Amino acid sequence: MDFRTTAVADLADEVRARRVSAVELVAHALERIDALNPTINAFVAVDGERALADAAALDARAAAGEDVGPLAGIPIGVKDLEDAAGFVTSHGSPLFLDDPTASNDSALVTRLRAAGAIVVGKTNTPELGWTAQTFNDAFGTTRNPWDTSRTPGGSSGGSAAAIASGMVPLTTGSDGGGSIRIPSALCGLSGLKPSLGRVPSGGAHAPDWQHLSTKGPMARRTTDLALALDAVIGPDPTDLRSLPMPDPSWLGAVTEPHVPIKVAWSPTLGYGSPDPKVVALCEEAVRAFEAMGAEVVVVDKVFDADPVISWFSLAAVYNLRTLQSRRDHPAWERVDVGLRAQLDFAERVTALQMVEAEDECHRLNLRLVELFHDVRLLVCPVTAAPTPRCGELGEIAGVPSVNWVQFTYPFNMTRSPAGTVCAGFDDAGMPVGLQLVGPQHGDLAVLRAMAALETALAIDRVPPTA
């Protein structure tokens with residue numbers, strides 16, 4: 001049994017057919033976590049006893065002839081920025097470690113459980129998801145299974161590392177500035193940030209990052225993602241942004257994948273400065289689109305300027321809202337110094353500047369509307385730098401850069417569907433991701449192209465930490 005090489009659908013089929021039990025799948029996940037987590041630190045909390053009990057209950061239902069769901073027996077990790085019943089939602093912060101355990105699941109976890117998934121634990125995240133590396137004072141540093149001296153990215157770094165190392169085949173993630181796409185790219189996974197509203201973020205509390213962040217499942221390949229997405233997309237009355245249920249099956253849409261007639265390739269988006277080695281690998285992957293019959297046009301300028309200040313203003317104020325009431329907490333001095341600097345910045349953002357940042361979201365989307373009149377898909381790098389070492393900045397052409405993740409957050413601002421596929425491996429043996437961006441609500445166009453590119457590139461390596 002190897003979660004890194006077996007499709008989620010095949011594992012669930014085995015459980016439904018009772019050739020493999022859910023208990024066996026969960027036991028294998030727990031064994032992998034025991035063996036690898038001391039080194040990789042992907043999981044911050046595990047409840048093996050409850051997971052095995054839930055798996056046994058599912059096996060009993062399967063034996064009784066019940067429909068146990070499309071994700072029958074699949075062990076999953078839940079990113080520690082969202083609720084899973086019985087676990088503390090720590091947000092990767094010492095300020096929340098003593099909170100009571102969650103009494104209910106998030107909307108996403110609720111739907112995954114209903115589809116047959118078994119929660120085994122919570123995965124690590126930077127404090128409040130504030131940065132693109134996964135480390136915090138509460139649980140320490142998460143490491144990349146391809147090279148444990150390097151970061152798996154963030155903020156869904158624990159989830160990506162858990163999948164890449166084969167601890168579990170499926171996890172949850174969230175993406176407010178690249179937090180699904182960046183770790184997916186750095187860990188060699190295919191990842192998707194769905195259109196805002198596809199996966200509900202409803203419940204008793206307003207979303208932490210409001211209109212920037214989108215939740216979604218994370219897996220190794222596009223077909224696994226599509227299977228899980230079919231189980232979780234659709235409206236929720238408690239989510240103001242939730243979209244209607246789409247008509248076609250998303251899994252069905254990727255069984256015969258194809259690429260659009262015309263694709264735009266933009267190595268810089270008009271403002272970026274990617275490392276030449278990243279660009280070279282991405283360009284090689286883009287040539288696969290041409291080989292499959294797509295016309296590829298080079299677009300030097302997608303956006304007039306880097307929208308990072310507008311994005312950062314929104315994200316910083318959202319985090320200030322979350323932490324403001326905890327400034328008197330005894331552990332306040334343990335809050336990450338970078339996050340505290342972000343909060344200091346947020347206190348200087350005016351109401352007018354917040355509205356102007358939302359206006360920038362509108363302007364960015366207008367530019368994409370114009371672009372997508374001529375092409376069906378936009379592709380660009382996921383990150384500007386190769387995978388950094390833990391605790392270090394990404395290096396662009398050998399020069400450390402604070403903003404080595406400059407290509408993901410514009411598409412949170414535009415609410416666009418955006419995915420990543422492994423384009424290849426650099427000289428250090430680390431994965432490099434190509435980003436695929438679709439028009440408003442064009443999730444299926446992105447998924448189909450992701451699946452087609454995976455097939456064409458045929459990259460099927462697994463990390464050496466096995």
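Along the sequence shown, the residues carry numbers beginning at 1. This structure is a prediction, so every number in the text was calculated from the model and none was measured. Note: hydrogens, waters and symmetry copies are ignored here, and every other heavy atom, side chains too, is used.
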Under a 3.5 Å cutoff, is there a donor and acceptor pairing between the side chains of [X] and [Y]?
X: K79; Y: S155; answer: yes
X: E82; Y: S174; answer: no
X: D80; Y: S90; answer: yes
X: T222; Y: E454; answer: yes
X: N412; Y: W209; answer: no
X: Y409; Y: D175; answer: no
X: S310; Y: E360; answer: no
X: D443; Y: S195; answer: yes
X: R415; Y: Q440; answer: no
X: N124; Y: T134; answer: no

With a cut-off of 6.0 Å (strictly less than), are more than 12 heavy atoms of other residues, nucleotides or ligands near [atom1] of [X]?
X: I261; atom1: CD1; value: no
X: E66; atom1: CD; value: yes
X: R326; atom1: CZ; value: yes
X: R376; atom1: CZ; value: no

With side chains defined as the heavy atoms from C-beta onward, is the minimum distance between [X] and [Y] less than 4.5 Å?
X: F96; Y: T322; value: yes
X: V78; Y: T171; value: no
X: L186; Y: P152; value: no
X: R143; Y: N41; value: no
X: M167; Y: F3; value: no
X: L81; Y: D208; value: no

Salt bridge (charged side-chain N to carboxylate O under 4.0 Å, His left out) between D336 and R340, worked out: CA-CA 6 Å; D336 189 275; R340 278 190 275 165; over 6 Å; no

Indicate yes or no for a side-chain donor-acceptor contact from [X] to the backbone of [Y] under 3.5 Å, with no hydrogens or angles considered.
X: K193; Y: S213; value: no
X: R220; Y: P169; value: no
X: D230; Y: W250; value: yes
X: R181; Y: V382; value: no
X: T101; Y: V88; value: no
X: T148; Y: N144; value: no
X: T455; Y: A451; value: yes

side-chain contact (heavy atoms from CB on, under 4.5 Å) between R113 and V119, worked out: CA-CA 8 Å; R113 284 197 204 262; V119 175; 3.6 Å; yes

Verdict with reasoning, S93 to E127, per side chain to side chain donor-acceptor pair (under 3.5 Å): CA-CA 5 Å; S93 174; E127 197 166 4; 2.7 Å; yes

Chi angles and distances behind the side-chain contact (heavy atoms from CB on, under 4.5 Å) call for I76, I74: CA-CA 6 Å; I76 66 170; I74 301 298; 4.2 Å; yes

Check against salt bridge (charged side-chain N to carboxylate O under 4.0 Å, His left out), R50 and D47: CA-CA 6 Å; R50 177 178 172 179; D47 189 342; 5.5 Å; no

Geometric cation-pi criterion, R461 with F425: 6.0 Å, 45°: yes

Working for salt bridge (charged side-chain N to carboxylate O under 4.0 Å, His left out), residues D224 and R221: CA-CA 6 Å; D224 293 340; R221 292 293 177 258; over 6 Å; no

Minimum-distance pair of heavy atoms, taken over all atoms of D236 and R111: CB-NH2, 4.0 Å

Criterion side-chain contact (heavy atoms from CB on, under 4.5 Å) on N319 and L343, from CA distance to verdict: CA-CA 7 Å; N319 278 343; L343 301 179; 4.1 Å; yes

Candidate pair H91 and T125, rule side-chain contact (heavy atoms from CB on, under 4.5 Å), full reasoning: CA-CA 7 Å; H91 303 275; T125 178; 5.9 Å; no

